[in-house]
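Everything on this sheet refers to the single structure shown next.
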Amino acid sequence: MSAGVKSYAAVDLGASSGRVIVGRVGPDSVQLSEAHRFPNRPVRVPEGLRWDVLALYGGVLDGLRAAGRVDSVGVDGWAVDYGLLDADGALLGNPVHYRDARTEGVAEKVWATVPAAELYAATGIQYAPFNTLYQLTAARSTAQFARARRALLVPDLLTYWLTGEQGTELTNASTTQLIDPRTRDWSYEVAGRLGVDLGLFAPLRQPGDPAGTLRPEVLAETGLSGPVPVTAVGSHDTASAVAAVPAAAGERFAYICTGTWSLAGLELPAPVLTDESRAANFTNELGLDGTVRYLRNIMGLWLLQECVRAWGEPDLGALLRQAATVPTLRSVVDAGDGAFLTPGRMPERIAQACRTSGQPVPGTRAEITRCILDSLALAHRRAVLAAQRLADHPVDVVHLVGGGTRNALLCQLTADACGLPVVAGATEAAALGNVLVQARAHGLVGDLAALRRLLTRTQPLTRYTPRGDTGRWRAAEDRLGTR
């Protein structure tokens, strides 16, 4: 290995797969290589939809074995879901999947004690039926919950199994709807009014904090030589991805983190807690270095992933080429509609949404794919425009990171819809952010601005210039009644 270059293992868990990626970081270089990828297949059991967290942990161990010698390990993953531990630290069953139906109607029960407007003013978190607060409320009457002495968010749970030490990383904790984004600490008032025992959660950690070292049993399982430190990163994958937005110094930018979800918004120094922001369903999640991720959750490429699954996994490249020949905005759906949240029969549900709204019904796979991509671009437009207005924070460019950067058609449509240039890059944004926070904690990278300067020098970026005016996109919004 070159002098001054260190290796970091990023455990990056997504809703459909996990991977261990090795990042080699030097003073003027960042190189990623995938050590191991493994599926994340939720399982439906009689009591509901569950994550197979033991299989995920096995995949992590396999990945660390394949990674070889590393200077640190960091874990990021999706938000809101958690595992419950008993008094001995043993897991009480597989974590419940956020798409499980147990939280139906729970929000209204919470709001009867803390009205929705007060809850938003205190925590800044948008309404989603699967927020951790609603999951905890739904679980409260169960025998499992009665035995629980600790709740660990999924990345923290895997970190605990790797190290034997428990903590609650702040960027992910901010999605629970139990953190005050102004103090960056627990909202004791909300928890107290709702009877949530904050003692269930381990002490808060900041990105960059030490999170222990790999246990001897983990070293033996992976063949690594210890000690290997584990570093807290932005354990919410979106926090890591936003940290890896390759924005130039002083650039006024919006970001869209694309994958199963699209997270579109702004990086701000303070939360936006107005009632207008709540009505627009924007969330204030915490990021690195005192920042706030002011964003809206959009259903994202989940819509296309579910269609591709229903179609028997056809060649995606060919499907996208065919979709590019379909006329723009022939049919669109509201990509933020909760009707698309659950899995199954996605092509039929999209067709039905078009039929119900009086639009042409997409009949071919290419037409359905184009409907999805146009709809996502339209949702990106709505979020970027609304965020600027609500935060009084104009932007000049949109940075699109994550898996969607591979989809040139989606990138171009997003530029067209927003009427702004789109810079697509940092395809492995969450892993990059994970690796670079570890490198920063070990003195190899400077502050957030320096981290991004390193990214702009080392990552391939593609710029998409908007075509035409945005009038037809405004008309499509009017068609859906979503402006």
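Values below: all heavy atoms of this structure, side chains included; hydrogens, waters and symmetry mates excluded.
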Of all the heavy-atom pairs spanning [X] and [Y], show the shortest one and how long it is.
{"X": "E428", "Y": "I21", "value": "OE1-CD1, 3.8 Å"}
{"X": "L157", "Y": "G83", "value": "CD2-CA, 4.4 Å"}
{"X": "S375", "Y": "V333", "value": "OG-N, 2.8 Å"}
{"X": "A377", "Y": "T414", "value": "CB-N, 3.9 Å"}
{"X": "Y57", "Y": "R215", "value": "OH-NH2, 3.6 Å"}
{"X": "S277", "Y": "Y294", "value": "OG-OH, 2.7 Å"}

Consider only side-chain N and O atoms of [X] and [Y], and report whether a donor and an acceptor are under 3.5 Å apart.
{"X": "Q31", "Y": "S29", "answer": "no"}
{"X": "S33", "Y": "R24", "answer": "yes"}
{"X": "T342", "Y": "R99", "answer": "no"}
{"X": "T175", "Y": "H236", "answer": "no"}
{"X": "D156", "Y": "Q166", "answer": "no"}
{"X": "S72", "Y": "Q438", "answer": "yes"}

List in chain and number order the residues that pass ring-ring contact (aromatic ring centres under 6.0 Å, His included) with W111, two or more places apart in sequence or in another chain; answer none if no residue qualifies. Y127

Please check: side-chain N/O of Q126 versus main-chain N/O of N281, any donor-acceptor pairing under 3.5 Å? yes

With rounding to the nearest 0.5 angstrom, report the CH2 to CD1 distance, W261 to I256. 15.5 Å

Distance (rounded to the nearest 0.5 Å) between L170 CG and D185 CG: 8.5 Å

Both conditions, 6.0 Å and 45 degrees, for the charged tip of R41 above the ring of W51: are they met here? no

What residue among D447, D289, D209 forms salt bridge (charged side-chain N to carboxylate O under 4.0 Å, His left out) with R440? D289

Take V308 and T369, measure what side-chain contact (heavy atoms from CB on, under 4.5 Å) needs, and give me the verdict at the end. CA-CA 9 Å; V308 168; T369 299; over 6 Å; no

Applying side-chain contact (heavy atoms from CB on, under 4.5 Å) between L178 and each of N131, L133, L194, report the one that passes. L133

Residue that, paired with S174, satisfies side-chain contact (heavy atoms from CB on, under 4.5 Å) out of R184, E285, E169: E285

Aromatic ring centroids of H399 and Y255 under 6.0 Å? no

List the steps, then state whether side-chain contact (heavy atoms from CB on, under 4.5 Å) holds for L85 with L91. CA-CA 4 Å; L85 307 181; L91 183 67; 4.0 Å; yes

Step-by-step side-chain contact (heavy atoms from CB on, under 4.5 Å) determination, R205 to E165: CA-CA 12 Å; R205 289 172 173 153; E165 297 190 21; 3.9 Å; yes

Take V395 and F253 through the test side-chain contact (heavy atoms from CB on, under 4.5 Å) and record every step on the way to the result. CA-CA 5 Å; V395 304; F253 69 94; 5.6 Å; no

Does a sphere of radius 6.0 Å around CZ in R147 hold more than 12 heavy atoms from other residues, nucleotides or ligands, not counting ones at 6.0 Å or beyond? no

Check the surroundings of atom CD in E104: do more than 12 heavy atoms from other residues, nucleotides or ligands lie under 6.0 Å from it? no

Charged N to carboxylate O under 4.0 angstrom, [X] versus [Y]?
{"X": "E251", "Y": "R453", "answer": "no"}
{"X": "R193", "Y": "E189", "answer": "yes"}
{"X": "R65", "Y": "E221", "answer": "yes"}

Show your working on salt bridge (Lys or Arg N to Asp or Glu O under 4.0 Å) between D337 and R349 and close with a plain yes or no. CA-CA 11 Å; D337 192 333; R349 288 151 69 190; over 6 Å; no

side-chain hydrogen bond (donor to acceptor under 3.5 Å, both in side chains) test vs Q135 passes for just one of D81, T103, T176, D100, namely D81

